Amino acid sequence: MFEVVKRDGLARIGKFQTNSGVLETPALLPVVNPKICTVSPKELYEEFGFGAIITNSYIIKNNPELKGKAQEIGLHKMLDFPGVIMTDSGTFQSHMYGEVEVTNEEMVEFQKSIGTDIGTVLDIFTEPFWSKEKTTESIAVTLERTKKACEIKGGMMINGVGQGSIYPDLREDCARKMASMDIDVHPIGGVVPLMEQYRYVDLVDVVISSKKGLNPNRPVHLFGAGHPMVLALATLMGCDLFDSASYAKFARDDRMMFIDGTFRLQDMQSLDCNCPACRNQTLESLRKMDRKTREKTIARHNLYQITEELALVKRYIREGRLWELTEIRCRAHPAMLDALRRLAEHQMFLERFDPISRDGALFYTGAETRARPAFARYINRLFSRYVPATKNAALFYDEGSKPYSKARPSDFDKARRAGYTPVVVSPFGPVPAELDEVYPIAQSVFPKIMDSDTMRDSEAFTVRFLQIMFDEVVNGEEVSDEGTEEYDPDLIRAKAVSRYQFGKDATEALFRGKIELIISKNTGKIRNVISDGEHVLSMRAGDGLYTLRKEGADRIASAVPAPFMRVKVMDDAVPFVSEGRNVFCQFVTECDDELRPMEEVIVTDQKDKVIATGRVLLVAEEIRSFKKGVAVKVRSGSGDEA
Ligand code: GUN
Ligand code: ZN
C-alpha cells in the first residue's frame, strides 16, 4: 500500500507499506552485492539510515553456498538487514553479459523462497539502440512474464518493470498495461545506458512518457539511477525509488561522487568534503590508505553524498520548491541542462499536477525557469478566460516593483479614466492590471537584468494578446490626463480574478445581481464578495485567489453542470463531510478531470447537492486510484482562511 503524504507537482513524499515495515519515499536503495558487501547492510541501516536495500537474487541463486543459506535462514537474516529488501532478477546480467539460463517462473519462485519483500520479474532489457519492432516484441514477452509473476507471487510484492527503449509511445503503452496488472511497484527499466551516456534528454522523455501510463497509486522506481546529481530531476518527474551500485563500484576505482559530478582521487586538487567519512581526512591521507580502507572510506563518502541530497530533495518537496533545487542541479552539467530544457516540452503534462498556488515566491533564475508549469498555466488561462473591461489598452513595462497597480497607482488611474485597460509587459507575458495580485504574478521574484529569450517570448505573447483582446493600444506614458471615464477597479479585479480562477460561466453565476465588495481597511485589498446579499467568495491575501463559500458553490452548482469543479462522494460519507470532515479518496465516486492540486472544489452528494467546499489536494486520476489519503481538505466554519 502506497500513500502520498505530501506532493509538489509530480514529486511526492510517500509512505510505502511492505512486509518489513513502512518505507518513506523518495528513497534510495543501495545495491548490496552479497559476495562483496563493501559497506555491510547493518551499517547501511544503522549508520546511514537506509530503510531499504536491493540485492540480486540471480547472483544468490547461482552461488550454491549463498543459495543454500538464503533458502535456509532467509534473506533478511543472511544479510543481517532488518529493513525492506528488494531483489532484482538477472535482467541486468543479461543486459551486461547476454542471455541468462533461468526462466521467469524459476526466478519469481526463487525470490519467494528466500523471503524477499519485493521481487522482480525477469523482464527483457530494451536497449536504446533497438529497433521499434524488436522493442515491441520484447515488451510483449515482458508483459506476459509479468502476468505470470502476478499469478504466482503469493505474499511477495512484485516489481513489474516498464520497458520501451527510447520510444515514448511504447513506453506509455507498456506503462498503461503494467498499470492494469496486479504489480506493486513500477520500475522504469532500460535506462542505465542513457545515464551512462549522459543522454538525459532521452531520460526525460522516457520517464515522462512512462508516467503518463503508470498507476499513480504505486511507487515508481528509476532502475539504476543513484547519482546524487539526478535525484532532484528524477523526483521532480515523479520517481519515488532509486538504487545505486555506483557508490561501491566507483569506490573500487577511487572515484568520489559529488553533487556536481564524479571525480578521480588522483585528479582531485583538494578534498573539501565535510561528510563523516572525509571529515578527518586530507587528499594525502586518503591516497596513502591501504586499498581496502580507502575503498570503504570512499564508498561511505559516496553514500553520504546520496543521503544528503535525498534529505535536501525531501525538504524542497515539503517547501513546494523542488523546481528551484532542480534548476540549480541541472545547471551543474550541460547534459543536465539539456534535460531541464527538454522538460519545457512536457510543460502541459506537468501543469496538470502543479498546485494552483504555493506559500513562497517563485524564483526566476534563468530562461529555463519558463519551463515551469506556472508559466504555461498563466498564459493558457489568460488567453482563454480573460475578458477585457475596455476595448483599448495602455501598455506599461515591468519595473520590478509589485503588485504593479500599487507601484504606479496614478499612471493606471489616468489610463483607466481615459478608457484604457493598463497592461504590463512582464516576464510572464502580458498582465492586465486587474490580475496583478494573483499567484504567481505578484508572488515571484525576477532579476533586474532580464535575458533576451524571456523578453522575446513575453513580447510575442503580448502582441498576440493585444491583437485578440483590444481594438486600440497605446503606450502607457502617452495617455492624456484628461480622461473622465468612471470605473470601479475593485469590481473589475473581483470579476477578472474569478474568471481566471473559475472560468466565465461560473463567474456569471457568482456575480449575478447586486454586487457589494468588502475591502480591507488595512491593505485596501478585496476581502469578500457579496452578491445579492449572499457572501459567495473571500479573497486570500497570500495568493490573490478566492476561497469559495458554500453560497458561491450553490450558485455554481446550479449554473454549471457536473462534473465542473465537483468532487462527488458516496452516501456513507455525506454526514461526515457535511460536518466539516475531510474527504478521503476511497469515498469519492466522481470528480472533475480539470481540477488542479489546491484548487477550490465543490463537494456534492450523489444527487449533485452541495454539501461542502474545500481545496482538492490531488488530481482526478490520483483520487480514483488512491485507496488511502485525503482528497479534499474540507473547509469548516466561516470559510474564511488566510
Ligand atoms: N537494473 C537496471 N536496469 C534494469 C532493468 O531494466 N530491469 C531490471 N530487472 N533490473 C535493472
Ligand atoms: Zn566525504
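Every number for a ligand or one of its atoms is a count from 1 in the order of the listing. Being a predicted model, the structure only gives us computed values, none of them experimental.
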**Prompt:** Which ligand 1 atoms does Gly190 reach within 4.0 Å, using its non-hydrogen atoms?
**Reply:** 5 (C), 6 (O)

**Asked** Is it true that atom CG of Asp169 has more than 12 heavy atoms of other residues, nucleotides or ligands lying nearer than 6.0 Å?
**Response** yes

**Message:** For atom 3 (N) of ligand 1, what's the nearest protein heavy-atom neighbour? Residue, atom name and distance, please.
**Reply:** Phe125 CE1, 3.4 Å

**Request:** Report, as yes or no, whether the 6.0 Å neighbourhood of atom CD on Gln269 holds more than 12 heavy atoms from other residues, nucleotides or ligands.
**Result:** no

**Prompt:** Which one of Asp88, Thr91, Asn56 has a non-hydrogen atom at the shortest distance from atom 11 (C) of ligand 1?
**Reply:** Asp88

**Request:** Below 4.0 angstrom from a heavy atom of Gly189, which ligand 1 atoms are there? Numbered from 1 as shown, please.
**Result:** 5 (C), 6 (O)

**Message:** I need the nearest protein heavy-atom contact for atom 2 (C) of ligand 1: residue, atom name and distance, please.
**Reply:** Phe92 CD1, 3.4 Å

**Asked** Between Gln111 and Met156, is any pair of side-chain heavy atoms under 4.5 Å apart?
**Response** yes

**Prompt:** So which bit of His95 gets within less than 4.0 Å of ligand 1, heavy atoms only: side chain, backbone, both or neither?
**Reply:** neither

**Message:** Any salt bridge linking Arg596 with Glu351? Criterion: basic side-chain nitrogen under 4.0 Å from a carboxylate oxygen.
**Reply:** yes

**Complete:** Note: ligand 1 atoms sitting under 4.0 Å from heavy atoms of Thr120 are 9 (N)

**Request:** Decide yes or no on ring pair (Phe, Tyr, Trp, His ring centres under 6.0 Å) for Phe242 and His227, but give the supporting numbers first.
**Result:** CA-CA 9 Å; Phe242 308 93; His227 199 291; over 10 Å; no

**Prompt:** Quick one: does Asp123 get an N or O within less than 3.5 Å of an N or O on ligand 1?
**Reply:** yes

**Message:** Nearest 10°: the angle subtended at the Zn ion (ligand 2) by Cys275 SG and His301 ND1?
**Reply:** 120°

**Message:** Less than 4.5 Å apart, side chain to side chain, heavy atoms only: is that true for Tyr200 and Val230?
**Reply:** yes

**Message:** Determine whether Arg358 and Asp8 satisfy the following criterion, salt bridge (charged side-chain N to carboxylate O under 4.0 Å, His left out), listing intermediate values before the conclusion.
**Reply:** CA-CA 9 Å; Arg358 298 168 198 257; Asp8 178 11; 2.6 Å; yes

